[in-house]
Amino acid sequence: MTVRTVIFAAGLTAILWVGCGANGPQPAVRSNAAEPEIERRIRYYRARVAAYPRLYPAHNRMAAALLARARLTWSPRDVAHARSALRRSLDIQPNFEAFKIMAALHNFAHRFDEARQWAVRAADAWPGDTEVIALLVEAYVGLGQADKAAELLPAEVGDDFYLVSARAQWLESQGRRKDAASMFVRAAEIAHRVGVRDLVVWGSVRAAGVWLDGGEPERAQPYLTRAKRLEPGDRQLRVHLAEFMTARGHPKQALAIYEALLEERDDAFVHHAAFLVARSIGEVARAGVHYRAAESAYRHVVDAGEVYTLESLARLYGQARLSLGQALTLAERNVRYKKDRSAKETVAFIRSQLDPAHTL
Amino acid sequence: MTTVITSFSQPVLRGQSRPRTGFASTVLRALFLSIAMLAATSIAPRLARASDHGDTPLLKSIPRHDARMTDLYAFVRKDCSAFFCRKHLVLVATLDPTIPPDATTYRFAEDLTVRIAIDNAAEIAFDNPDDVRNFGGTIIQPDEIRERIEFEVRFSEDRTNQPMLRVTGIPRRFRHRIRFFAGLRDDPFIRLPREGRNIAAIVISVPLRLIVRSQPGLLIWATSEISDIEGQSADLLGRSLRSMFEENDAFNALHPSEHYDATGLSPDVMIYNTWAPATFPNGRELTDDVVDLVAALGDDRILQDDQPSPTINDRPFLDEFPYLAPPHQAGGHGDPHPARLDEIQDWQRDELR
């Protein structure tokens with residue numbers, strides 16, 4: 001279980017908002033070019049709702065844009081504002097789109113049970129929408145109810161990008177790495193057929209991530225190579241490349257990649273990963289800087305009443321062997337919201353740090 | 001039936017009341033378009049259960065479900081007073097197939113424009129059996145189709161969300177005879193997936209003699225338009241179950257006068273010979289089960305993945321205006337008060353001609 005896997009547990013949603021207009025809301029699919037676009041949308045919809053306060057679709061779109069920015073910044077303020085915009089939309093007119101964005105927002109926020117409820121309402125409003133099915137799968141996986149997620153997926157997912165990606169995520173949750181990687185590759189092939197390069201990169205990177213998580217970096221390499229050929233600047237690709245470098249025994253190169261990413265934009269997850277790598281090569285001072293930056297950012301989210309960094313913060317403490325009692329509290333609180341394998345492993349990991357006799 | 005017209009940086013090109021297509025000029029736009037195409041490819045069989053309930057993948061991706069047109073109906077009813085009866089042409093356009101089942105009211109977006117257009121002077125022949133069977137007739141000069149009568153519907157921004165109707169092509173002195181409704185109703189689409197579901201409906205009733213002049217044949221179509229930073233969109237409805245299929249998607253972005261030149265196919269408009277009873281494809285009655293009727297024409301794609309469906313609507317239609325059944329779970333009170341044209345004359349005073 002890598003830091004990336006823990007933090008990006010709600011990975012599928014990343015692709016969903018591409019289809020909804022917010023270009024690649026999460027590092028998993030976005031390119032740097034999308035960032036100004038997100039800001040432009042936020043400005044546009046803010047003005048739009050000011051001019052037309054009852055135009056509920058504009059509230060929806062603003063929420064989607066805020067969610068897209070939250071995926072970049074982890075800002076609990078953006079999450080809160082997105083939630084508020086959706087509530088305003090629903091006050092004006094109950095509508096499918098608000099239900100769907102609510103589901104995505106709550107998946108992002110690791111409030112999977114609420115995400116499930118919103119997705120069910122969306123499915124009631126417009127049955128059969130594969131994007132909603134994918135959101136439901138994500139929610140059930142987050143709730144540790146993989147069997148229910150499986151029931152939602154048809155036996156043959158065909159060429160539906162959302163269903164293929166959802167199945168890939170489900171397979172990954174089941175530890176079926178080979179099948180999951182194949183399914184992510186299939187998603188990339190679908191994206192390739194319709195000429196959506198960002199999603200080709202996304203599918204390839206996710207396939208690589210499956211093998212990196214499985215401790216087989218050499219099997220990840222072809223996918224990373226493909227993605228690099230297409231979009232060398234993609235942030236999520238570079239995060240995976242750093243992991244690949246670490247796994248192949250090149251931590252200094254990995255650290256250089258992380259720090260280059262941080263020069264472009266501050267990012268709690270990258271600080272966290274950089275801390276681990278810096279520490280592993282004895283760069284204590286740099287590790288300390290990254291640790292503090294990651295802790296501060298994670299803590300900021302928790303202090304704002306959100307729960308989507310509970311697990312990351314618990315892991316950070318556990319990995320640093322600091323504040324272990326607090327780490328256990330955080331990890332145990334986390335499993336009230338996020339009940340997947342990763343969340344449970346985090347609790348076990350913290351316990352093992354507290355009590356060396358406790359084995360993982 | 002629908003297409004989204006996307007334009008980021010370029011102004012929307014518009015002819016006379018015609019939705020036109022902008023151009024994808026950025027990578028982002030291409031991305032949306034591609035995803036939309038992807039979605040269209042992957043979900044077409046499922047969406048094919050309804051006449052127009054979902055053939056706007058790009059519109060969905062913008063996403064403005066509230067602007068998605070689902071069905072268009074045109075039929076004649078007698079409107080009787082104590083002394084005499086008058087024939088009225090009734091036009092029904094329905095939108096937004098995603099209204100939650102528990103919604104008891106409906107607010108139309110104030111940036112939405114819906115138009116129902118009529119060409120009452122187009123030359124239509126009824127001597128080609130194939131065309132009559134498939135389209136209701138043959139349009140002799142498809143490139144000369146134009147909206148000689150048009151009903152444009154918008155909605156106020158205030159709390160009342162008052163529907164506003166602008167009429168062109170009907171003399172002003174007759175406007176008080178036009179009846180107009182906009183609000184939540186039971187979806188008149190008969191098939192099972194829409195059973196128990198509501199729809200946003202626009203109903204216009206106008207004396208037939210104001211519409212039919214030199215000849216009984218009418219061409220009717222409806223469009224919806226919205227404008228947004230994420231794209232300009234437009235949706236077109238003509239004959240049921242045409243533009244929803246991928247090969248006919250071009251119809252949605254073009255004016256009907258351009259359909260033939262662009263596709264070589266009969267334009268996607270509803271042909272209605274008002275001297276004959278309305279029954280698909282000659283106009284469309286509320287009771288027409290267009291899925292079965294189109295399947296009977298030999299196009300059974302629509303039946304794929306379909307379940308046995310009822311052949312009558314789940315709620316009885318009304319004998320009087322607005323003819324559609326009241327909405328589900330609303331007790332018949334969930335819709336705004338029907339607006340009459342004469343109640344909104346201030347808005348349209350300068351628009352009527």
Next on the checklist: Which atoms of A:Arg193 are under 4.5 Å from chain B, going by heavy atoms: the side chain, the backbone, both sets, or neither?
Outcome noted: neither
Item to check | B:Arg194 NZ/CZ over A:Trp126 ring centroid, <6.0 Å and within 45° of normal | outcome: no
Next on the checklist: Regarding B:Asp158 and A:Arg54, does a basic nitrogen lie under 4.0 Å from an acidic carboxylate oxygen?
Outcome noted: no
Item to check | Contact summary for B:Asp102 and A:Arg121, nearest pair of heavy atoms | outcome: OD2-NH2, 3.1 Å
Item to check | Most chain A-contacting option - heavy-atom pairs closer than 4.5 Å, from B:Asp96, B:Asp111, B:Ile99 | outcome: B:Asp111
Checklist outcome for this item: Of all heavy-atom pairs linking B:Arg197 and A:Asp124, the shortest is NH1-O, 3.3 Å
Checklist entry - Looking at B:Pro101 and A:Ala125, what are the two nearest heavy atoms and their distance? => result CD-CA, 4.0 Å
Checklist entry - At their closest point, which heavy atom of A:Pro57 faces which heavy atom of B:Arg64, and how far apart are they? => result CB-NE, 3.3 Å
Next on the checklist: So, taking the atom named CD in A:Gln93 and the one named CG in B:Asp66, what distance separates them when rounded to the nearest 0.5 Å?
Outcome noted: 9.0 Å
Item to check | Heavy-atom side-chain proximity of B:Arg107 to A:Ile92 below 4.5 angstrom | outcome: yes
Next on the checklist: Taking the side chain as everything from C-beta on, heavy atoms only, tell me whether B:Glu157 gets closer than 4.5 Å to A:Leu55.
Outcome noted: no
Checklist entry - Of the listed residues (A:Phe96, A:Tyr56, A:Tyr52), which shares the most heavy-atom pairs with chain B below a 4.5 Å separation? => result A:Phe96
